[in-house]
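Note that these values count all heavy atoms, side chains included, but never hydrogens, waters or copies made by symmetry. FYI, the numbering just counts along the sequence from 1.
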Amino acid sequence: MAIKVVARNKKAKFEYEILEKYEAGIVLEGSEVKALRNGRVNINDAYCRFIKGELWLLNAHIGHMESTNRNFSRDERAPRKLLLHKKQLHTLYGKVNKEGLTIVPLMLYFNERNRAKLSIALARGKKLHDKRETLKRRTLDREAAQAMKNRAY
């Protein structure tokens, strides 16, 4: 059984230079897990931040299900705690504080054991000229693929 991808942050690879990737667990309630399974999630504007020595996912939108009671459901953009090993947390904390790097979510998925996981990355923000270079490279790759496809034998 393979992983089931629920949401991707496509903007992250364009806006940031990815240095290291980590897999983190995420603390959710039952109704939120149901919403994830139905694809009611958006992590495009989400980011990660250390609060009191713990890593939190902020500004991620997990929608409500119609079947859940509104009185017992969490806020859709509530902060959610991320679960990592203590050594990984210390490493990330040091790099974020000393080198000025950021932690961005890349992908939310269910792993082989059917647990909700968040793929996060330690990243450095790209400059404008780096973004232009990425767009040029993408355009050239697309044109080359099109030329190979249209090439007649």
Has Asn42 got a side-chain atom pairing as donor or acceptor with His61's backbone, closer than 3.5 angstrom? no
Kindly compute the distance separating CG (Leu28) from CG (Leu57), expressed to the nearest 0.5 Å. 9.5 Å
For Lys131, does the NZ atom have more than 12 heavy-atom neighbours from other residues, nucleotides or ligands under 6.0 Å away? yes
Euclidean distance, Asn111 CG relative to Ser119 OG, rounded to 0.5 Å: 12.0 Å
Cation-pi geometry met for Arg37 and Phe110 (6.0 Å, 45°): yes
Testing Arg77, Arg80, Arg40 for salt bridge (charged side-chain N to carboxylate O under 4.0 Å, His left out) with Glu32, which one passes? Arg80
Please report the interatomic distance CG(Leu89) to CZ(Phe50), rounded to the nearest 0.5 Å. 5.5 Å
Between Glu15 and Lys126, does any side-chain N to carboxylate O distance fall below 4.0 Å? no
Here the gap from Leu118 atom CG to Asn9 atom CG, rounded to the nearest 0.5 Å, amounts to 9.5 Å
Testing Glu23, Lys117, Arg115 one by one against Tyr109 for a side-chain hydrogen bond (donor to acceptor under 3.5 Å, both in side chains), which residue passes? Glu23
What are the two closest heavy atoms between Ile43 and Ala7, and how far apart are they? CD1-O, 4.0 Å
So how far is it from Glu17 CD to Thr134 OG1, rounded to the nearest 0.5 Å? 9.5 Å
Run Glu20 and Leu92 through side chain to side chain contact (heavy atoms under 4.5 Å, CB included) and show every step you take. CA-CA 10 Å; Glu20 294 179 37; Leu92 284 172; 5.9 Å; no
Connected via hydrophobic side-chain network under 4.5 Å: Met107 and Val41: no
Donor-acceptor side-chain pairing of Tyr93 and Gln88 below 3.5 angstrom: no
May I ask you to check whether over 12 heavy atoms, not counting those of His129, lie within 6.0 Å of atom NE2? yes
Tell me who clusters with Trp56, hydrophobic residues only, linked when side chains sit under 4.5 Å apart either directly or through other members. Tyr47, Ile51, Leu58
Identify the two heavy atoms, one from Pro105 and one from Ala46, that lie closest to each other, and give their separation to 0.1 Å. CD-O, 3.5 Å
Please check this pair: side chain of Arg124 against backbone of Leu101, looking for a donor-acceptor N/O pair closer than 3.5 Å. no
Does CD in Glu133 sit with more than 12 non-hydrogen atoms of other residues, nucleotides or ligands closer than 6.0 Å? no
Quick one: closest heavy-atom pair of Ala12 and Val104, and the distance? CB-CG2, 4.3 Å
Determine the minimum heavy-atom distance between Ala123 and Tyr16, stating which atoms define it. CB-CB, 3.6 Å
Nearest heavy-atom pair of Arg8 and Asn44: which atoms, and what distance? O-OD1, 3.4 Å
Give, for atom CD1 of Ile18 and atom CD1 of Ile120, the distance between the pair rounded to the nearest 0.5 Å. 11.0 Å
With side chain to side chain contact (heavy atoms under 4.5 Å, CB included) as the test, would you mind laying out the steps for Tyr22 and Thr91 before giving the verdict? CA-CA 11 Å; Tyr22 295 93; Thr91 304; 4.1 Å; yes
Do Lys21 and Leu106 make a side-chain contact, defined as non-hydrogen atoms from C-beta onward lying under 4.5 Å apart? yes
Side chains of Ile103 and Val96, heavy atoms from C-beta outward: is any pair under 4.5 Å? yes
Please report the closest heavy-atom contact between Ile3 and Glu112, naming both atoms and the distance. CG2-OE2, 3.5 Å
Linked, directly or transitively: Val33 and Val27 (ILVMFWY side chains, under 4.5 Å): no
